[in-house]
Amino acid sequence: MKMTEMFSYTACRQLSQMFFAVFFFHMSEYILAIAFHGSQSVTLRSLLISKNYILAMLFSMMEYIVEIVLFPGSKDFWWISNVGLVMVIVGEIIRKSAILTAGRSFTHIIKVCHEEHHELITRGVYGFVRHPSYCGFLIWSVGTQIMLCNPMSTIGFAFVVWHFFAERIPYEEYFLKEFFGIQYEEYAQRVPSGVPFVK
């Protein structure tokens, strides 16, 4: 009976935190996209939900269920789970600060043509890292898995998200250098990318 209560409390707390974190992340991204770009310019892609993302989240849920059924004690490391919760909050704050600071210059899709309202943002959180939205998402996504005490998904999410940004940043910065020239090159030399091991 005692084990059932502990299982119930552990699962309810961790899963409710996870579902709220995912819901808040995606809905706030969508709302901010509408606020800055208008509802006509925003599609469901602004929710940032792709097939690969859904598969990754399903895998993490499967891992959680298997581990809590077979090894219920593996989910009871509350200090680890709380570290993950802090990472989720910190990652969310960094990412949303990036979006709010950039305003209309922030888009979910890499711009390959320079638009009139597109400016180089170097103030606020962009004064510390060049890609705070990527930095925030990396922290947030890995934090969701640490919060669930999912060892396999923690490693998997860290590698997959890091690899995605390691490829995306050079591609995006190619266009930023085209748009802003020496101004961006000097900024890039002065400020780190915000993603570990990516210059």
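What you see is a predicted model; the values in this text were computed from it and never measured.
Here the CD1-CD1 distance, from Ile169 to Ile110, works out to 9.5 Å after rounding to the nearest 0.5 Å. The CZ atom of Arg104 sits 7.0 Å away from the NE2 atom of His37 when rounded to the nearest 0.5 Å. The structure places NZ of Lys111 at 5.0 Å from OG1 of Thr107, a figure rounded to the nearest 0.5 Å. Here the CZ atom belonging to Phe164 is positioned 8.5 Å from the CZ atom belonging to Phe137, to the nearest 0.5 angstrom. Put simply, CZ on Arg190 and CD on Glu185 are 12.5 Å apart, with the number rounded to the nearest 0.5 Å. With rounding to the nearest 0.5 Å, the separation of CG in Leu32 from CZ in Phe106 is 9.0 Å.
Residues Ala33 and His108 approach most closely at CB-CE1, 4.1 Å, considering heavy atoms. Closest of all the heavy-atom pairs between Val88 and Ala21 is CG1-CB, 3.8 Å. The heavy-atom pair separating Pro196 from Leu138 by the smallest distance is CD-CD2, 3.8 Å. The nearest pair of heavy atoms linking Val161 to Ser141 is CG2-OG, 3.6 Å. Here the closest heavy-atom approach between residue Ser39 and residue Ile34 is recorded as N-CG2, 4.0 Å. When every heavy atom of Tyr187 is checked against every heavy atom of Leu120, the shortest pair comes out as CD2-CD1, 4.3 Å.
By the 4.5 Å heavy-atom criterion applied to side chains, Met18 and Gln145 are counted as neighbours. The side-chain heavy atoms of Phe36 and Leu100, taken from C-beta on, include a pair separated by under 4.5 Å. Two residues are said to be in side-chain contact when any heavy atoms from C-beta on lie closer than 4.5 Å; Tyr9 and Asp76 fail this criterion. Counting only heavy atoms from C-beta outward, the side chains of Met61 and Leu148 approach each other to under 4.5 Å. For the pair Val191/Phe128, no side-chain contact is recorded, criterion being any heavy-atom separation below 4.5 Å from C-beta on. Considering only heavy atoms from C-beta on, Val195 stays 4.5 Å or farther from Val129 through its side chain. Residues Met87 and Thr144 have side chains not in contact (no heavy-atom distance under 4.5 Å, counting atoms from C-beta outward). The shortest distance between side-chain heavy atoms of Glu167 and His163 falls below 4.5 Å.
Side chain to side chain, Ser60 and Asn150 fail the donor-acceptor criterion of an N or O pair below 3.5 Å. For the residue pair Glu63 / Ser153, a side-chain donor-acceptor distance below 3.5 Å is found, with atom types taken as modelled. Residues Tyr134 and Glu172 have side chains that bring a donor and an acceptor to within less than 3.5 angstrom of each other. Side-chain N/O atoms of Glu178 and Tyr184 include no donor and acceptor closer than 3.5 Å. For the residue pair Tyr53/His26, the side-chain donor-acceptor check at 3.5 Å is satisfied.
With Ser81 contributing its side chain and Phe77 its backbone, the two residues share no donor-acceptor pair below 3.5 Å. For Ser193 (side chain) and Val198 (main-chain N/O), a donor-acceptor pair under 3.5 Å exists by modelled atom type. A distance-only check finds no donor-acceptor pair linking the side chain of Trp140 to the backbone of Ile89 [under 3.5 Å]. With Arg95 contributing its side chain and Ser133 its backbone, the two residues share a donor-acceptor pair below 3.5 Å. Under a 3.5 Å cut-off, the side chain of Lys75 and the backbone N or O of Ala11 do not form any donor-acceptor pair. Here the side chain of Tyr126 pairs a donor or acceptor atom with the backbone of Ala98 at under 3.5 angstrom.
Salt-bridge formation is detected for the pair Glu173/Arg130: a Lys NZ or Arg NE/NH1/NH2 atom is positioned less than 4.0 Å from an Asp or Glu carboxylate oxygen. A salt bridge links Lys96 with Glu29: the distance from a Lys NZ or Arg NE/NH1/NH2 to an Asp or Glu carboxylate oxygen falls below 4.0 Å.
With sequence neighbours excluded, no residue forms a salt bridge (Lys or Arg N to Asp or Glu O under 4.0 Å) with Lys177.
Grouping the Ile, Leu, Val, Met, Phe, Trp and Tyr side chains by contacts below 4.5 angstrom, directly or via other members, places Val160 apart from Leu58. In terms of hydrophobic clustering, with Ile, Leu, Val, Met, Phe, Trp and Tyr side chains grouped at heavy-atom distances under 4.5 Å, Phe197 and Phe159 are assigned to different clusters. Residues Val22 and Val90 fall within the same hydrophobic cluster, defined by Ile, Leu, Val, Met, Phe, Trp and Tyr side chains chained together at heavy-atom separations under 4.5 Å. Note on Met62 and Val69: separate hydrophobic clusters, where clusters join Ile, Leu, Val, Met, Phe, Trp and Tyr whose side-chain heavy atoms are under 4.5 Å apart, directly or indirectly. Under the 4.5 Å side-chain contact rule for hydrophobic residues, Ile93 and Ile139 share a cluster.
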Item to check | Full working for side-chain contact (heavy atoms from CB on, under 4.5 Å) between Thr10 and Trp78 | outcome: CA-CA 9 Å; Thr10 299; Trp78 285 111; 3.8 Å; yes
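Checked against a 6.0 Å centroid threshold, the rings of His114 and Phe180 count as neighbours. Phe179 and His118 have their aromatic ring centers within a separation under 6.0 angstrom.
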